[in-house]
Amino acid sequence: MFLYPLPSYAASLFHFLGFSLVDSTKLVFALAFILSTITMYLWLKEFLGEQAAIVGSIVYNFAPYRFVDLYVRGALGEHVAFIFPPLILYFLLKISQIPPPGRGDIHPGGVWKRFYFAGACFSIAGLILSHNALTLMFLPFIIFYAGYLAWINKKTRISLMYQYLGSLVLGIGLSSFFLIPAFEEGKYTLRDIVTKGVALGRFVDFKNLISSPWNYGQTGQFSVEIGFIFWAAFLSSPFVVYKLYKHSKSKLTIYLAVLLYFVVSIFIMLPESKFVWQNITTLQKFQFPWRFLSVSVFAGAILAAYSISLVTNKNVRTTVAILIILFALISTKNFWQPKDYLVKPESFYSGIYNGTTDTGESSPIWSVRFMEHRPKADVEVIKGNASIKTLFRTTTAHRYEIDSKVHTRIRENTLYFPGWKVYIDGQRYDYVQFQDPNNRGLITYYVQPGKHTVDIEFRDTKLRTISNAISVASLALLFGILFKTFYPLKIKHNL
């Protein structure tokens, strides 16, 4: 219900193709690593040139924190999310570069604009479905960039504003099946209780952002070093600002925004920002201030690319670019491996986990935070006398044959969450109990004497049904836009 689904969908596809669960997950990590390099390169190349784009994309991927995500934290969602911020910015930029068609014209530019619009929608949805927290971190810069592009394109300003707003709305619409229930139904979990105030004790020392030893420890132990290249790019900012002010004020605006983004990401991780976290309580849901290293890596890679783009001598620029790339590779080469390997059977990964997450914040509010003990059976008699036979059991549907001798109370060892329904002999049972202090959060119900067929099913609530409909409608609209994109070309070709 609350875990970003896109990485799991991708891994499920590989698993469907025959890969093991572990190898499927590794393939998603590898693919995300490659794709994030490509997307950053595509965007930077459009306005800074090829060499700057190569440097920026390599630095983006070979930052120390990227390997913390990969080999220490195993943060699949964050790792996949790195693909999308530069991809969104690329599509927004491409939309702005195509002039509007003349009246009655059908030309490839208009066709590509609709294609880029769809790409922006899918990319925004991809970011949302990859990681909730990183979406909130990157969204301010994405909105700023869209506003900037609309502002500098005076002739198409209004049109671009509508297109950018439309891409944001449709991107959110595509992800509504996940986003709306995750946001609205979070009140039924321990999320706000577990995360409240946690971040206030996990700030980062500034010296550790400059240099901290590489290790495979847990929170507060692993390296939060940003990387020498990022700091060098930051320290070169006065030179870059001076050069851009003299030669390219349009690029200067973006650079200053990125520079501010980098500075804010640093500040928000330090103890000095505690008052911000206390007053903007939404930040506390991030749990760890060092999550903003994702923003530091993103902004720092752009600063590095800008620095390279301003070296006017071609030979010197090539030499500096090569040196930066080599340093990025060599300085992180000891990070390119896990500490060790766990070899487990497939059943280990498809079995029962003792909590919803490592911190238990997604446990239902009626339950304990972590599993107290493993049940003896999936379903048990807690009062009365009955024999129970399991007919089938999946993650969302359980069916039992219950022969009750007396009025009997049954405990289904499944945590209740809105959507679970109990049916006895095909009739809805409306007296499900799940707040009994002796059976915290577990589904319990009564059966009358006799033989009964009991179905326990997890179904969509009205909210989830509406959210699903919004996603389907958004997808249909985008397919309609793409159909409209290519249909005029077919007519023109036939003519």
- Query: Taking everything shown except F267 itself, do over 12 heavy atoms lie less than 6.0 Å from its CZ?
  - Reply: yes
- Kindly compute the distance separating OG1 (T394) from NE2 (H398), expressed to the nearest 0.5 Å. 6.0 Å
- Stepwise side chain to side chain contact (heavy atoms under 4.5 Å, CB included) check, K451 with S404: CA-CA 6 Å; K451 289 187 177 181; S404 178; over 6 Å; no
- Reported CG-to-CG distance for the pair L259 and L303, which is rounded to 0.5 angstrom: 6.0 Å
- Beyond-backbone contact of E78 with S294, side-chain heavy atoms, under 4.5 angstrom: yes
- Between F230 and S296, the two heavy atoms sitting closest are CD2-O, 4.1 Å
- Applying side-chain hydrogen bond (donor to acceptor under 3.5 Å, both in side chains), which residue pairs with at least one partner in residues 415-424 are found, sequence neighbours left out? Y423-R459
- I388: what forms a side-chain contact (heavy atoms from CB on, under 4.5 Å) with it, not counting sequence neighbours? V379, V381, Y400, I402, I410
- Item | Side chain to side chain, V28 and S8, heavy atoms closer than 4.5 Å | no
- Message: If we count only N and O atoms by modelled type, under 3.5 Å, do the side chains of E225 and N208 hold a donor and an acceptor together?
- Response: no
- Item | Distance (rounded to the nearest 0.5 Å) between L76 CG and Y4 OH | 7.0 Å
- Query: If you count the non-hydrogen atoms of other residues, nucleotides and ligands that lie under 6.0 Å from CZ in F392, is the total more than 12?
  - Reply: yes
- Do D192 and K196 pass the salt bridge (Lys or Arg N to Asp or Glu O under 4.0 Å) test, and can you show the C-alpha distance, the side-chain angles, and the key distance before you say yes or no? CA-CA 6 Å; D192 293 340; K196 185 177 181 180; over 6 Å; no
- Going through the checks in order, is the side chain to side chain contact (heavy atoms under 4.5 Å, CB included) test met by L127 and I83? CA-CA 8 Å; L127 177 60; I83 298 171; over 6 Å; no
- Task: Assign the ring pair Y429 / Y431 to parallel, tilted or perpendicular, where the plane angle (0 to 90°) is split at 30° and 60°.
- Result: perpendicular
- Query: Got a second to check how far L42's CG is from K94's NZ, nearest 0.5 Å?
  - Reply: 9.5 Å
- Task: List for me each residue that meets side chain to side chain donor-acceptor pair (under 3.5 Å) alongside D205, sequence neighbours excluded, and say none if there are none.
- Result: none
- Residues two or more places apart in sequence or in another chain: which of them pass ring pair (Phe, Tyr, Trp, His ring centres under 6.0 Å) with F14? none
Which atom pairs, donor and acceptor, lie under 3.5 Å between side-chain atoms of residues 175-190 and protein residues at least two apart or in another chain?
from: S175; atom 1: OG; to: G171; atom 2: O; distance (Å): 3.2
from: S175; atom 1: OG; to: I172; atom 2: O; distance (Å): 3.1
from: S176; atom 1: OG; to: I172; atom 2: O; distance (Å): 2.9
from: S176; atom 1: OG; to: G173; atom 2: O; distance (Å): 3.2
from: E184; atom 1: OE2; to: K187; atom 2: NZ; distance (Å): 3.0
from: E185; atom 1: OE1; to: R464; atom 2: NE; distance (Å): 3.1
from: E185; atom 1: OE1; to: R464; atom 2: NH2; distance (Å): 3.2
from: E185; atom 1: OE2; to: T461; atom 2: OG1; distance (Å): 3.2
from: E185; atom 1: OE2; to: R464; atom 2: NE; distance (Å): 3.3
from: T189; atom 1: OG1; to: G186; atom 2: O; distance (Å): 2.7
from: T189; atom 1: OG1; to: R191; atom 2: N; distance (Å): 3.2

- Item | Residues that V406 engages under side-chain contact (heavy atoms from CB on, under 4.5 Å), provided they are two or more places apart | N385, T408
- Note on the structure: Residue pairs passing the side-chain hydrogen bond (donor to acceptor under 3.5 Å, both in side chains) test with at least one member in residues 11-29, sequence neighbours excluded, are S20-D23
- Please walk me through it: do N468 and I470 pass side chain to side chain contact (heavy atoms under 4.5 Å, CB included)? CA-CA 5 Å; N468 292 341; I470 293 173; over 6 Å; no
- Value rounded to 0.5 Å, distance of CD1 in I124 from CG in L129: 12.0 Å
- Test ring-ring contact (aromatic ring centres under 6.0 Å, His included), reference Y60, set W43, Y65, Y41, F82, output is F82
- Message: Evaluate F292 against F286 for ring pair (Phe, Tyr, Trp, His ring centres under 6.0 Å), listing each step before the verdict.
- Response: CA-CA 9 Å; F292 280 88; F286 295 171; 5.7 Å; yes
- Message: So L174 and S471, do their side chains get closer than 4.5 Å, heavy atoms only?
- Response: no
- Smallest heavy-atom separation, H131 atom then G77 atom, equals CD2-C, 3.8 Å
- Query: Within a strict 4.5 Å, meaning less than it, do heavy atoms of the Y90 and T39 side chains meet?
  - Reply: no
- For I143, check side-chain contact (heavy atoms from CB on, under 4.5 Å) against everything at least two apart and list the hits. L139
- Message: Contact between D378 and N413 at the side-chain level, heavy atoms closer than 4.5 Å - yes or no?
- Response: no
- Task: Run the ring-centre check on Y216 versus Y71 and record whether the distance is less than 6.0 Å.
- Result: no
- Are P289 and I268 close enough that some pair of their side-chain heavy atoms sits under 4.5 Å apart? no
- Task: Identify, with sequence neighbours excluded, every residue that meets side chain to side chain donor-acceptor pair (under 3.5 Å) alongside W277.
- Result: S273
- Note on the structure: Shortest non-hydrogen pair, H452 vs Q448, comes out as NE2-O, 2.8 Å
- Item | Distance, nearest 0.5 Å, that separates CG of L475 from CZ of F479 | 4.5 Å
- Item | A150 versus Y164, closest heavy-atom pair with distance | N-CE1, 4.3 Å
- Message: So T414 and F458, do their side chains get closer than 4.5 Å, heavy atoms only?
- Response: no
- With sequence neighbours excluded, tell me which residues meet ring pair (Phe, Tyr, Trp, His ring centres under 6.0 Å) with Y445. none
- All heavy atoms of W290 vs all of R73, minimum pair found to be CH2-NE, 3.4 Å
- Residues F335, V68; criterion side chain to side chain contact (heavy atoms under 4.5 Å, CB included); working and verdict: CA-CA 8 Å; F335 310 162; V68 170; over 6 Å; no
- Query: Given side chains that start at C-beta, do those of R66 and S36 come closer than 4.5 Å, heavy atoms only?
  - Reply: yes
- Query: Given the rule in the salt bridge (Lys or Arg N to Asp or Glu O under 4.0 Å) test, do R369 and E361 qualify, once you have shown the distances and angles that lead to the verdict?
  - Reply: CA-CA 7 Å; R369 185 170 173 181; E361 73 271 15; over 6 Å; no
- side chain to side chain donor-acceptor pair (under 3.5 Å) between S223 and S212: does it pass, once the steps are laid out? CA-CA 5 Å; S223 174; S212 53; 3.0 Å; yes
- Query: Do the side-chain N and O atoms of D460 and T465 include a donor-acceptor pair separated by under 3.5 angstrom?
  - Reply: no
- What pairs with L70 under side-chain contact (heavy atoms from CB on, under 4.5 Å), at least two apart in sequence or on another chain? F29, F67, H79
- Message: According to side chain to side chain donor-acceptor pair (under 3.5 Å), who are the partners of T444, at least two apart in sequence or on a separate chain?
- Response: R409
